[in-house]
Amino acid sequence: MIINTELQQKGNQFPNQIIDFNKEVDTLYFKTENLVILQLTVLRDSVIRFRYATGGAFENDFSYAIDEGANRGYNHLEVMSNDLNYIVTTSKLVVHIEKLSLQAKIYDLEGNIINEDELGFHYEESFEYGGNIVKMSKKAQHAESYYGLGDKPMHMNLRGKRVQNWATDQYAFGKDQDPIYKSVPFYIGLNKKKAYGVFFDNTFRTFFDFCHERMDVTSFWAQGGEMNYYFIYGPSMPEVVKSYTNLTGVPEMPPLWALGYQQCKWSYYPESNVKEIAAKFRELQIPCDGIYLDIDYMDGFRCFTWNKEYFPDPKRMVKELADDGFKTIVIIDPGIKIDKDYSVYNEGVENDYFCKRADGPYMKGKVWPGECNFPDYTNPKVRTWWAGLFKELISEIGVKGVWNDMNEPAVMEVPGKTFPPDVRHDYDGNPCSHRKAHNIYGTQMARATYEGVKKFAYPKRPFVITRSAYSGAQRYTSSWTGDNIASWEHLWVANIQVQRMCISGMSFTGTDIGGFAEQPTGELYARWIQLGVFHPFCRTHSSGHHGDQEPWAFDPGVTDIARKFINLRYRLLPYLYTMFYEYTQNGTPLLKPLVYFDQDDPQTHYRTDEFVFGHQILVCPVLEPNAKGRRMYIPRGTWYNYWSKLPVEGGKEQWVDADVDSMPLFVKAGAIIPKYPIQQYVGEKKLEQIELEVYYALGKNQSNVYEDAQDGYDYTKERYSFRTFKMSGRESDWIIQQHKRGTYVTPYDTYRIHLIGLPFKIKDIELDNTQVSLESVQYDDETCSLIVPKNFTELHISGIADNL
Ligand code: GLC
């Protein structure tokens with residue numbers, strides 16, 4: 001092996017020859033003469049963990065990210081050896097471990113190289129902190145592309161970039177700024193139509209270099225801890241993302257209202273202002289489900305208190321809002337004001353729950369309330385205490401959701417904007433410094449919050465939102481992308497960030513619609529709400545320093561556009577809810593960047609703007625002022641323009657009209673899109689009937705519709721309704737078959753079915769083998785519709801082909 005002498009001079013150390021090998025069930029150990037150990041675990045045929053120790057010993061094996069319920073088990077595992085390599089074979093992969101160097105090469109079963117070490121594992125001892133700076137370098141292939149990594153506000157394809165993960169409170173962050181709030185050390189590589197993923201599960205500050213330093217090398221390293229990564233093979237990107245999400249976990253179903261529109265500002269107060277905002281939504285008939293109280297609802301920014309001057313009777317207010325369909329969500333930050341007359345502070349001190357500096361004093365830092373101490377959420381006892389603090393807010397006052405902010409953790413007026421590195425953490429019984437706990441702090445706070453809200457909201461479902469997050473946070477919380485700016489550039493950033501979060505396991509994400517810092521023009525707000533209603537989490541928020549940012553704060557034209565698009569979101573709620581269900585079941589991201597949707601089409605590899613909402617709706621926001629439309633890439637296949645219902649062939653870039661009251665939207669041929677009636681909030685109306693928009697396609701297609709009680713846990717006991725629609729289109733006939741699973745009885749009895757793209761004149765309709773009168777069919781421009789009972793099994797439409 002050639003050791004890079006320059007690197008060696010820099011203090012890098014490399015494993016040398018393997019002198020010992022052994023296998024324990026699914027785990028293989030390769031030990032080198034200079035005491036490096038590679039522990040290789042086959043979790044699944046396509047998921048392999050690589051973990052390296054130096055000095056002959058591993059740390060305690062502990063991860064906050066890996067979900068206990070992650071799938072394990074493989075079909076095949078065989079280890080052979082020849083002169084040069086150990087060869088590990090599963091039913092999906094072949095891994096060579098070179099005997100002289102411990103370097104790994106990963107092949108598929110056809111012998112294609114999927115991923116290959118360049119220098120492989122190497123390390124540098126840290127004289128300042130002890131332990132190692134652990135490093136891994138991989139060869140990068142000529143046309144390889146890279147995706148993922150959470151909230152990075154930069155081009156979708158990361159090739160050519162170096163990024164780092166260190167959760168940072170980055171007010172008014174810029175395009176390409178790095179790092180910002182989240183740490184998701186997971187990327188997807190795509191080369192020659194084959195995708196794989198690497199999840200580097202290390203909570204220290206981590207770095208990823210994608211051919212930035214050297215054109216043919218991708219590397220990643222951490223300032224401490226172990227080289228510990230999971231290699232996840234696809235070969236399809238959906239398989240990679242689903243496996244990663246399975247490994248790090250999925251959320252439970254949110255209450256349906258949490259998928260509704262939400263309104264926020266820093267801050268709505270006093271009570272009369274909150275009420276005024278709520279009333280205005282109803283008056284203007286703009287649907288809204290959530291209203292937020294930012295820090296000013298508290299007494300001197302003390303968490304779990306109320307400012308009694310602004311909110312004399314929170315319980316009454318929350319109830320009155322609830323009577324009008326509004327769920328109240330309140331902010332809770334980690335900083336606990338140092339104040340001897342404040343019970344939360346006193347409990348923290350009495351029980352020793354706050355983080356301490358290395359030499360013993362409490363970690364003290366300034367946040368909104370002034371000098372604060374900070375709970376150590378990495379201590380399970382602290383999490384239990386914290387969860388218990390939500391009793392009054394949730395059980396007594398009736399708050400429905402909690403918003404965790406400043407949990408990077410943010411500290412004001414200090415250079416690093418966070419805790420100093422020496423602060424101590426319990427790390428669930430693995431005591432460590434802040435260097436290791438920093439990136440996970442926000443997630444553990446959100447976890448403790450989730451446990452509290454869940455406990456006291458039960459039997460209803462909890463709702464939590466966080467700013468900082470590490471891989472796995474999706475099990476507990478939704479998230480937003482932090483303090484963005486009201487600019488056109490930030491609309492571009494917002495679009496990418498949410499797509500990126502979706503393929504990084506955290507689909508339940510949105511941005512501050514309109515921008516947090518500064519003030520959007522009406523046109524920018526209109527374009528942002530158009531995009532925002534297609535984000536899994538949909539909330540307007542602003543700093544409130546420059547003016548109002550409610551849907552009516554601009555001119556009446558903008559109010560109408562906001563209403564039109566928020567209405568559309570409410571119409572699409574059953575579609576969105578079904579997508580969410582699939583996310584909870586299979587890890588399927590709610591939004592799919594084009595490269596995820598069609599990785600075999602190289603045109604998609606550098607696209608940023610277009611994405612697929614669910615499986616079947618193509619969305620492309622307009623990102624420039626004064627636009628009458630835009631050029632966009634429509635992926636291969638047949639699509640229907642959502643507005644005109646006219647078909648279009650994809651596979652090329654094309655101009656699409658979209659004046660300011662519209663945006664490019666397309667539905668995939670073969671899709672069935674369920675729609676609810678417009679409601680001002682979830683549950684406002686009893687559902688009398690739902691609509692199914694059925695888009696004709698030649699051949700076979702399938703769509704699903706998931707419904708349940710919209711809240712509560714009955715769905716976990718099969719009380720849901722999962723309907724599968726199999727559609728088969730031929731030149732002169734069209735068959736739709738329905739199959740139902742689950743015991744939930746939906747409140748409506750009928751569907752209004754809209755047939756779109758019918759290529760023939762209808763001659764005959766049969767519903768479960770009974771003739772339907774053609775008179776009952778209503779014709780519109782591009783569609784025709786009919787009402788059918790919801791439990792039909794087969795609808796058969798036949799006719800005379802137009803071209804006959
Ligand atoms: C932070 C949050 C922002 C919030 C503000 C006041 O800047 O990111 O959303 O409004 O603090 O709490």
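Residues take their numbers from the sequence shown, with the count starting at 1. When a ligand or atom number is given, it counts from 1 through the structure's own listing order.
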Assign the ring pair F516 / H541 to parallel, tilted or perpendicular, where the plane angle (0 to 90°) is split at 30° and 60°. tilted
I want to know if ligand 1 touches W266 in the polar sense, i.e. an N/O pair below 3.5 angstrom. no
Consider side chain to side chain donor-acceptor pair (under 3.5 Å). Of D169, N404, T477, which one does R467 pass it with? D169
Which of parallel (below 30°), tilted (30 to 60°) and perpendicular (above 60°) describes F208 and Y187? perpendicular
Within a distance under 4.0 Å of any heavy atom of H541, pick out the atoms of ligand 1 and give their elements. 3 (C), 4 (C), 9 (O), 10 (O)
Can you tell me how the ring of H438 sits relative to the ring of W166, calling it parallel under 30°, perpendicular over 60° and tilted otherwise? parallel
Taking non-hydrogen atoms only, is Y171 closer than 4.0 angstrom to ligand 1 via side chain, backbone, both or neither? neither
Can you list the atoms of ligand 1 that are under 4.0 Å from a heavy atom of I331? 12 (O)
Going by the order shown, which atoms of ligand 1 are within less than 4.0 Å of some heavy atom of D294? 4 (C), 6 (C), 10 (O), 12 (O)
Flag the pair D289 and K400 as a salt bridge only when some basic side-chain nitrogen lies within less than 4.0 angstrom of an acidic carboxylate oxygen. no
Before we go on, tell me: are the rings of Y470 and Y441 under 6.0 Å apart, centre to centre? no
Taking 4.0 angstrom as the limit and counting only heavy atoms of W403, give me the atoms of ligand 1 inside it, by number and element. 9 (O), 10 (O)
Ligand 1 versus D512: contacting region, heavy-atom distance under 4.0 Å: neither
With nothing but distance in play, are any N or O atoms of D483 less than 3.5 Å from an N or O of ligand 1? yes
Nitrogen or oxygen of W480 less than 3.5 angstrom from that of ligand 1: no
Apply side chain to side chain contact (heavy atoms under 4.5 Å, CB included) to residues Q170 and Q177 and explain how you reach the verdict. CA-CA 9 Å; Q170 199 50 264; Q177 185 151 6; 3.0 Å; yes
Give yes or no for whether the N/O distance cutoff of 3.5 Å, strictly under, is met between R467 and ligand 1. yes
Would you call the rings of W386 and Y377 parallel, tilted or perpendicular, where under 30° means parallel and over 60° means perpendicular? perpendicular
Report yes or no: does Y181 have a heavy atom closer than 4.0 Å to ligand 1? no
In the protein, what heavy atom is nearest to atom 11 (O) of ligand 1, and what distance, to one decimal place, separates them? D405 OD2, 3.0 Å
